[in-house]
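Structure first, commentary second.
It should be emphasised that the depicted structure is a prediction, and the values quoted were computed from it without experimental measurement.
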Amino acid sequence: MRRSGGYLLVSLASGIATVLALPLLCVPRLARLWADWHHDRATRLLGTPMASRPAPRAAGRRAWAGPSTGRDLLWLPVNAITGVAFGLTALLCVGNLLPAAVATALWWAFEPEDRPRPFVDVPVTGWATALTLGPLQIILLTTLAYLCFPMMARVHARICLAVLSHSTAEQLADRVAVLTRTRADVLDAHGAELRRIERDLHDGTQARLVAIAMRLAVARQVLSDNPRNEQFLAELLRDAHEGTEEAMTELRGVIRTVYPPILADRGLVGALTAVTARCGVPTRLNIGDIERVPAAVEAVVYFAVAEALTNVTRHSRATTASVRVSRAADRLSVVVTDNGTGGADDRLGTGLAGIRGRVLALDGTVEIDSPAGGPTTITMELLCGS
């Protein structure tokens with residue numbers, strides 16, 4: 001009851017504030033922030049998963065003119081009406097408890113014409129009346145608050161979510177837009193990756209193989225022309241052997257960027273164990289029972305954790321970090337935390353943006369919580385059902 005009463009009283013205050021600041025709150029950016037605050041309050045009160053809210057558009061002159069703007073502006077009069085109505089009811093109920101308590105204990109301190117009237121406007125003229133009507137009013141108001149406050153608070157919260165949350169069609173359209181954008185980003189990244197691999201193979205491995213072939217051809221020619229020139233022949237074969245080893249090393253490096261062999265050899269658990277062991281910051285790894293995970297999800301998790309720990313080592317000034325991997329039904333959750341200086345922003349570099357792009361491409365979600373001063377927490381969730 002206390003939580004519901006507090007919610008209703010805050011709703012009363014916000015309803016009055018909406019009326020007083022209506023011209024200011026009609027600015028789309030401020031209306032968005034005001035609506036988001038109420039949306040979060042309602043979600044916490046109901047204890048439901050965070051309902052969908054359409055995100056604002058990309059930066060530009062109409063950055064805040066997204067699909068939620070109309071809902072945000074509609075919420076202003078709705079909040080003013082419902083917040084004041086429900087909140088004032090709660091305030092009157094709570095406020096009348098005080099006169100009842102005063103009438104019960106201090107009725108004798110007032111002049112006859114000023115005696116308190118706690119119940120149905122009946123004046124208290126003696127202890128019999130005070131000890132009857134005062135407690136009766138307290139009991140009735142307390143019972144009313146106990147029964148009605150939670151219901152009123154939930155009704156107000158549901159109205160809030162009904163106005164501010166996505167409809168099913170809007171959720172689907174928004175998700176399709178996100179997936180379309182991330183798929184396009186992934187295709188662009190895939191094309192760039194193929195071009196990089198082609199350059200690595202062409203400029204590195206292929207060049208070395210051509211040099212090896214030329215050395216072997218010269219060695220063959222020397223052997224046919226002068227079989228006794230063993231020293232020159234040995235040098236050519238040694239150079240060819242060294243070039244072969246270097247080409248194999250480069251080729252393994254290129255292959256490792258396509259799909260890490262450690263995932264195929266040791267699975268996700270073993271790969272993450274190796275990544276955390278190599279991290280420059282002491283890192284604790286906690287992996288629950290994740291069962292079988294699709295190969296695409298394994299690769300995304302591996303690269304995302306590796307990139308996140310690289311950022312921790314290079315930029316965070318952290319002394320400890322942790323990686324927690326768990327699975328609930330068909331959702332795999334990965335949380336990377338460090339105790340560094342915070343301030344991580346995926347708009348300032350390609351590392352975090354790459355993590356977000358990889359995860360969103362598999363219809364996952366990424367949340368980055370990195371206040372100034374730390375700590376930094378990166379939470380990723382991916383679908384891993386078969």
Side-chain angles (χ1 to χ4, degrees), residues 182 186 189-190 192-194 196-198 200-201 204-205 244-316 318-340 350-368 376-386:
T182 55
V186 168
H190 179 66
E193 186 70 7
L194 289 179
R196 181 194 65 79
I197 294 173
E198 188 273 336
D200 290 346
L201 293 175
T205 307
T244 302
E245 290 185 342
E246 292 173 355
M248 291 174 61
T249 300
E250 288 187 357
L251 187 58
R252 281 194 295 267
V254 173
I255 294 173
R256 188 174 293 111
T257 63
V258 178
Y259 187 83
I262 193 172
L263 280 176
D265 296 338
R266 300 171 57 183
L268 182 59
V269 175
L272 292 182
T273 301
V275 169
T276 54
R278 293 196 305 264
C279 182
V281 175
T283 303
R284 183 177 67 257
L285 177 63
N286 181 9
I287 302 182
D289 183 12
I290 60 175
E291 302 176 355
R292 183 178 179 275
V293 178
V297 176
E298 284 187 343
V300 167
V301 171
Y302 174 82
F303 284 118
V305 171
E307 180 62 37
L309 293 181
T310 299
N311 288 341
V312 171
T313 303
R314 291 180 178 176
H315 309 298
S316 71
T319 58
T320 61
S322 67
V323 178
R324 186 174 72 253
V325 183
S326 60
R327 179 171 179 171
D330 63 345
R331 299 196 72 86
L332 187 71
S333 175
V334 182
V335 181
V336 182
T337 306
D338 68 74
N339 66 345
T350 58
L352 293 177
I355 293 175
R356 187 181 295 278
R358 288 179 184 273
V359 175
L360 291 180
L362 294 185
D363 201 16
T365 60
V366 179
E367 293 183 5
I368 301 174
T376 296
T377 301
I378 302 175
T379 303
M380 297 165 275
E381 287 195 353
L382 298 102
L383 290 172
C384 58
S386 56

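One finds the OH atom of Y302 at 12.0 Å from the CD atom of E307 (value rounded to the nearest 0.5 Å). Annotation: the span from L332 atom CG to S326 atom OG amounts to 7.0 Å, rounded to 0.5 Å. Taken from CZ in R358 to CE in M380, the straight-line distance is 11.5 Å, to the nearest 0.5 Å.
Shown here are the side chain to side chain donor-acceptor pair (under 3.5 Å) partners of N339, two or more places apart in sequence or in another chain: T319, T320. T376 meets the side chain to side chain contact (heavy atoms under 4.5 Å, CB included) test with D338, A344, S370, I378; sequence neighbours excluded.
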Exercise. Passes side chain to side chain contact (heavy atoms under 4.5 Å, CB included), L382 versus R331? Steps please.
Worked result: CA-CA 6 Å; L382 298 102; R331 299 196 72 86; over 6 Å; no
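Side-chain contact between T377 and V336 is absent, with no heavy-atom pair separated by less than 4.5 Å. For the pair V312/T310, no side-chain contact is recorded, criterion being any heavy-atom separation below 4.5 Å from C-beta on. Within the 4.5 Å cutoff, no side-chain heavy atoms of N286 are placed close to those of V323. The shortest side-chain heavy-atom distance between E381 and V366 does not fall under the 4.5 Å cut-off. The shortest side-chain heavy-atom distance between L352 and I368 falls under the 4.5 Å cut-off.
What you find for G364 and L360 is that their closest heavy atoms are O-CD2, 3.2 Å.
Of the candidates V334, D289, I290, R327 forms a side chain to side chain contact (heavy atoms under 4.5 Å, CB included) with just one, namely I290.
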Donor-acceptor contacts, no H, no angles, side chain residues 272-284, under 3.5 Å, sequence neighbours left out:
from : atom 1 : to   : atom 2 : distance (Å)
T273 : OG1    : V269 : O      : 2.7
T276 : OG1    : L272 : O      : 3.0
T276 : OG1    : T273 : O      : 3.0
T283 : OG1    : V281 : O      : 2.8

